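What you see is a predicted model; the values in this text were computed from it and never measured. Just so you know, these numbers use all the heavy atoms, side chains as well, and skip hydrogens, waters and symmetry mates.
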Number of protein chains: 2
Amino acid sequence: MKRRSTPTKEAVISVLNASNKAMSQDAIEHKIEIEIDRATIYRVLNQFCEDGIVHKIIADDGKQYFAICKKCDDQKLPDNHFHFRCSSCQTIECLPALVHFSVPESYKVERFNCILIGKCKDCS
Amino acid sequence: MKRRSTPTKEAVISVLNASNKAMSQDAIEHKIEIEIDRATIYRVLNQFCEDGIVHKIIADDGKQYFAICKKCDDQKLPDNHFHFRCSSCQTIECLPALVHFSVPESYKVERFNCILIGKCKDCS
DNA sequence: TTATTATTGCAACTTAATCGCAATAATAAT
DNA sequence: ATTATTATTGCGATTAAGTTGCAATAATAA
């Protein structure tokens, strides 16, 4: 499916670019000036994920968060670092720390979703 | 609140003990012989989590999974290891590998939720 | 045996996310 | 420019996970 550039996509990208945090659909919707439907935002975000422009984090609240991470562009995995959720200010951000692990014989790891929860630098 | 022992609690514990995997409320309900309400199972599971008998994992599908992990009884954190979700058989299990990380200055980590996704030993 | 209160089932509710479909609009073709 | 193609959007409905209030039930203490 060929992609088209639309005001919605530009608005979403621009909000994510302006943020150094991962954002939920809800947070993105509130940050955008123009009115965009919830379903549309999800569709656009998921498309960005498919295209590798954005990565999705499932936080320990079970919700989806989306981020443009400048640091991890050149990495093999699109999203190979830890994420941090602050239990005070409820924000989620990418950490520089990469995830390292070893798995038992004959397990194959395709991707991962690793969140640390605690107090961020502004809240501790 | 003092705890009482009930058939529901015994059934849930017994199912989790018999499993070497983490289980969702739904999976637990289907495995139990007697009929138990969804809300009750959640309440019992969350109580077990509070009491440190069971630990809860939020998988990358956003759903809650519960496990009794024999390995991590004596650890400082109740749940300080990686979890693995098999993208073929959809099971989630505790891995022996502990989570190691470093965070930037002045971040305080309280707990974490780390999942690796891929093919388990039976499916690879 | 009775009293206390933790537990349960039921129904209703909340929230996140998805989906089908018709209308709209970005791009390609003429 | 104009038209045709089809990706995108908004709307409404829907699904699914999980929670909550409340009255009835049952485990434990008295």
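- Atom NZ of A:Lys108 is separated from atom OG of B:Ser88 by 12.0 Å, given to the nearest 0.5 angstrom.
- Shown here for A:Ile41 and A:Glu29, the closest heavy-atom pair between the two residues is CD1-CB, 3.7 Å.
- If you measure from atom CD of A:Glu10 to atom P of D:dT9, you get 11 Å, rounded to the nearest angstrom.
- To the nearest 0.5 Å, atom OH of residue A:Tyr65 and atom CD1 of residue A:Ile28 are 11.0 Å apart.
- Taking every heavy atom of both residues into account, A:Ala97 and B:Ser102 meet most closely at CB-O, 3.2 Å.
- Classified by interplanar angle (parallel below 30°, tilted 30° to 60°, perpendicular above 60°), the ring pair A:His83/A:His55 is tilted.
- The separation between B:Leu45 atom CG and C:dT8 atom C1' is 14 Å, rounded to whole Å.
- The partner of D:dA29 is C:dT2, judged by Watson-Crick or G-U wobble contacts that both fall below 3.5 Å.
- The residue A:Asp61 sits apart from the nucleic acid: no heavy atom pair falls under 4.0 Å.
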Check your understanding: Stepwise, does the side-chain contact (heavy atoms from CB on, under 4.5 Å) test hold for B:Gln64 with B:Ile58?
Key -> CA-CA 5 Å; B:Gln64 306 180 351; B:Ile58 310 298; 3.8 Å; yes

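- Per the geometry, CG belonging to A:Asn46 stands 10 Å off P belonging to C:dA17, to the nearest Å.
- A:Asp51 contributes atom CG, which lies 11.0 Å from atom CG of A:Asn46 (distance to the nearest 0.5 angstrom).
- Both B:Pro7 and B:Tyr65 lie near DNA chain D, and the one whose nearest nucleotide falls closer to the 5' end is B:Tyr65.
- The 5' end of DNA chain C is approached more closely, in terms of each residue's nearest nucleotide, by A:Ile58 than by the other of A:Ile58 and A:Ser5.
- For B:Lys9, a side-chain nitrogen or oxygen approaches OP1 or OP2 of C:dT7 to under 4.0 Å.
- Following rounding to the nearest Å, B:Gln47 (CD) and D:dG18 (P) show an atom-to-atom distance of 18 Å.
- Rounded to an integer number of Å, the gap from CD of B:Glu29 to P of C:dC10 is 11 Å.
- Near DNA chain C, meaning a heavy atom under 4.0 Å from it, residues 16-27 of chain A has no residue at all.
- The CD1 atom of A:Ile115 sits 9.5 Å away from atom CD1 of B:Ile115, with the distance rounded to the nearest 0.5 Å.
- Of the side-chain N and O atoms in A:Thr6, none sit less than 4.0 angstrom from OP1 or OP2 of D:dT8.
- Below 30°, between 30° and 60°, or above 60°: for B:Tyr107 and A:Phe84 the angle between ring planes is above 60°, a perpendicular geometry.
- Side-chain atoms of A:Asn20 and A:Glu93, non-hydrogen and from C-beta on, never get closer than 4.5 Å to each other.
- Remark: A:Lys2 is not in phosphate contact with D:dA7, judged by side-chain N or O atoms under 4.0 Å from OP1 or OP2.
- A straight line from CG of B:Asp60 to P of C:dA16 spans 19 Å, rounded to a whole angstrom.
- Contact check of residues 33-43 of chain B against DNA chain D (heavy atom, cut-off under 4.0 Å) returns B:Arg38, B:Ala39, B:Tyr42, B:Arg43.
- C:dT7 atom P lies 10 Å from atom CD of B:Glu50, rounded to whole Å.
- Atom-to-atom, CE of B:Met1 to P of D:dT28 comes out at 15 Å; the value is rounded to the nearest Å.
- Pairing of C:dA17, defined by two Watson-Crick or G-U wobble distances under 3.5 Å, is identified with D:dT14.
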